[in-house]
*Asks:* 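Just dropping this structure here.
Note that the structure is predicted; figures quoted are calculated from it, not measured. Start at 1 with the first residue, then count along the sequence.
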Amino acid sequence: MTFKKLALASALVTAFALPAKADVLGVYVGAQGWQNEASGGFSQNANLVDFAFEEKTNTNLYLKFEHPVPLVPNARIRVGKLETNGSADLNAAFTFGGKTYRVNENIDTTLDFTNNDATLYWELLDNDLVAFDFGLTAKNIKGDFLVEDGTQSSMEEVSVWLPMGYAAAKVRIPFAGLYVYGDANFVSYDGSKVHDYEVGLGYDLIDNIAVDVALTAGYREVVIELDDVDDINADLEFSGFFAGLEVHF
């Protein structure tokens, strides 16, 4: 029993004492194919219209830069799209973009948004087994709500910048080339709420001094709740599984 306790203590000390990879400059480039399904609805008043949305595959790209300078934050830029089509059978008249759609009518919608953000973060912990980051994100959600019924159409645009908290963690499985990771952004203000998180599993295809290449797969969810933002009320969720590739120079 004493030997087991000593071994456990030694493992914990080693995990927190291993050299940090952030002691050298590092650039990470990643790409993901995200197959997501949207749910929810939107309106220009308190009565949201729920739509049946199609499943779509959207692409996400990111670039991270890490360095060894104390107190100066690292940086991540991420760009992506939130696109989907849907339809709804109206059980009440629906006015949107200055046009009125009649009760019992079927309407179609197209949502086309960019979902881009920039993050500054600090590494609270970073070694060969465990990593934890925290920071701040500026997220920009910008795009169009298009509604049509075959005889008329209307469109409204939303563009909003959101300051968000950021946290990320990674745990490696020793000697397996595998790691589990997750990251999240969240903000809530004036009746609006947005969160964006993903959890996943990574596998090191290449791991050497020159370059690291990893396959990633997991689940991502983006929830957008808007309360009278650019005259739009919305409660939308985009969620689904992704697969990706990350290269670390």
*Asks:* Hey, are Lys64 and Asp133 close enough for a salt bridge, meaning a charged N less than 4.0 Å from a carboxylate O?
*Replies:* no
*Asks:* Looking at Lys193, I want to see if its NZ is surrounded by more than 12 non-hydrogen atoms of other residues, nucleotides or ligands under 6.0 Å.
*Replies:* no
*Asks:* Angle between ring planes, Phe132 versus Phe134, binned at 30° and 60°: parallel, tilted or perpendicular?
*Replies:*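 Parallel, since the angle between the ring planes stays under 30°.
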*Asks:* Does Lys142, at its NZ atom, have more than 12 non-hydrogen atoms belonging to other residues, nucleotides or ligands within less than 6.0 Å?
*Replies:*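 Count not over threshold, so no.
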*Asks:* Does Arg220 reach the side chain of Phe238, with side-chain heavy atoms less than 4.5 Å apart?
*Replies:*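 Side-chain contact under 4.5 Å: no.
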*Asks:* Which distance, rounded to the nearest 0.5 Å, do you find between the CG of Leu226 and the CG of Asp235?
*Replies:* 9.0 Å
*Asks:* Can you tell if the side chain of Gln32 reaches within under 4.5 Å of the side chain of Asn58, non-hydrogen atoms only?
*Replies:* no
*Asks:* Looking at Asn208, I'd like to know if its CG atom is crowded, meaning that more than 12 non-hydrogen atoms belonging to other residues, nucleotides or ligands lie closer than 6.0 Å.
*Replies:*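 Atom CG in Asn208 is crowded, with more than 12 foreign heavy atoms closer than 6.0 Å.
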*Asks:* Among Asn116, Thr59, Asp112, find the one that has a side chain to side chain donor-acceptor pair (under 3.5 Å) with Lys81.
*Replies:* Asp112
*Asks:* Within a 6.0 Å radius of atom CD1 on Ile77, are there more than 12 heavy atoms belonging to other residues, nucleotides or ligands?
*Replies:*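 Not more than 12 within 6.0 Å, no.
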*Asks:* Report yes if some heavy atom in the side chain of Asp228 is under 4.5 Å from a heavy atom in the side chain of Asn233; otherwise report no.
*Replies:*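 Yes. Closest side-chain heavy atoms under 4.5 Å.
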*Asks:* Hey, could you give me the CG/CG distance between Leu146 and Asp108, rounded to the nearest 0.5 Å?
*Replies:* 9.0 Å
*Asks:* Going by an N to O cut-off under 4.0 Å, is there a salt bridge joining Asp117 and Arg76?
*Replies:*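 Yes, Asp117 and Arg76 are salt-bridged.
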*Asks:* Would you say the side chain of Tyr121 lies within less than 4.5 Å of the side chain of Glu66, judging by non-hydrogen atoms?
*Replies:* yes
*Asks:* For Ser192 and Asp227, does a side-chain donor sit closer than 3.5 Å to a side-chain acceptor?
*Replies:* no
*Asks:* Does Val194 reach the side chain of Met164, with side-chain heavy atoms less than 4.5 Å apart?
*Replies:* yes
*Asks:* Is it true that Asn36 and Lys56 share a donor-acceptor pair across their side chains at a distance under 3.5 Å?
*Replies:*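 There is no such pair (donor and acceptor under 3.5 Å, judged by atom type) between the side chains of Lys56 and Asn36.
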*Asks:* Does one hydrophobic cluster hold both Val130 and Trp122, with members joined at side-chain heavy-atom distances below 4.5 Å?
*Replies:*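 Both belong to a single hydrophobic cluster.
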*Asks:* For the salt bridge (Lys or Arg N to Asp or Glu O under 4.0 Å) test, which of Asp204, Asp128, Asp126 pairs with Arg172?
*Replies:* Asp204
*Asks:* Side chains of Thr216 and Phe242: does their closest heavy-atom pair fall under 4.5 Å?
*Replies:* yes
*Asks:* Quick check: do Ile107 and Phe96 have side-chain heavy atoms less than 4.5 Å from each other?
*Replies:*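 Sidechains of Phe96 and Ile107: no contact.
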*Asks:* Atom OH in Tyr197, atom OG in Ser239: separation rounded to 0.5 Å?
*Replies:* 7.5 Å
*Asks:* Let me check something: do Tyr203 and Val211 share a hydrophobic cluster, defined by ILVMFWY side-chain heavy atoms less than 4.5 Å apart, either directly or through other members?
*Replies:*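 Yes: a chain of side-chain contacts under 4.5 Å links Tyr203 to Val211.
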*Asks:* Taking atom types as modelled and ignoring hydrogens, do the side chains of Tyr101 and Gln152 form a donor-acceptor contact shorter than 3.5 angstrom?
*Replies:*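 No, Gln152 and Tyr101 have no side-chain donor paired with an acceptor closer than 3.5 Å.
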*Asks:* Any idea which heavy atoms bring Ala88 and Val49 closest together, and the distance?
*Replies:*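 So the two residues come closest at CB-CG1, 3.9 Å.
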*Asks:* Rounded to the nearest 0.5 Å, what's the gap from CG on Asn185 to CG on Leu136? Could you check?
*Replies:* 10.0 Å
*Asks:* Treat each ILVMFWY residue as a node, draw an edge where side-chain heavy atoms are under 4.5 Å apart, and state whether Trp34 and Val199 are in one component.
*Replies:*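 Different clusters.
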*Asks:* To the nearest 0.5 Å, tell me how far Leu236 CG sits from Glu225 CD.
*Replies:* 9.5 Å
*Asks:* Could you check whether Phe42 and Phe51 have their ring centres less than 6.0 Å apart?
*Replies:*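 Yes, ring centres under 6.0 Å apart.
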*Asks:* Lys99 and Ser154: which non-hydrogen atoms are nearest, and at how many Å?
*Replies:*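 Shortest heavy-atom separation between Lys99 and Ser154 comes out as CG-CB, 3.7 Å.
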*Asks:* Can you name the nearest heavy-atom pair linking Thr100 to Ala93, along with the distance?
*Replies:*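 So the two residues come closest at CG2-CB, 4.5 Å.
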*Asks:* If you define the side chain from C-beta out and look only at heavy atoms, does anything of Val79 sit under 4.5 Å from Thr114?
*Replies:* no
*Asks:* Between OG1 of Thr109 and CG of Asp149, what distance do you get to the nearest 0.5 Å?
*Replies:* 12.0 Å
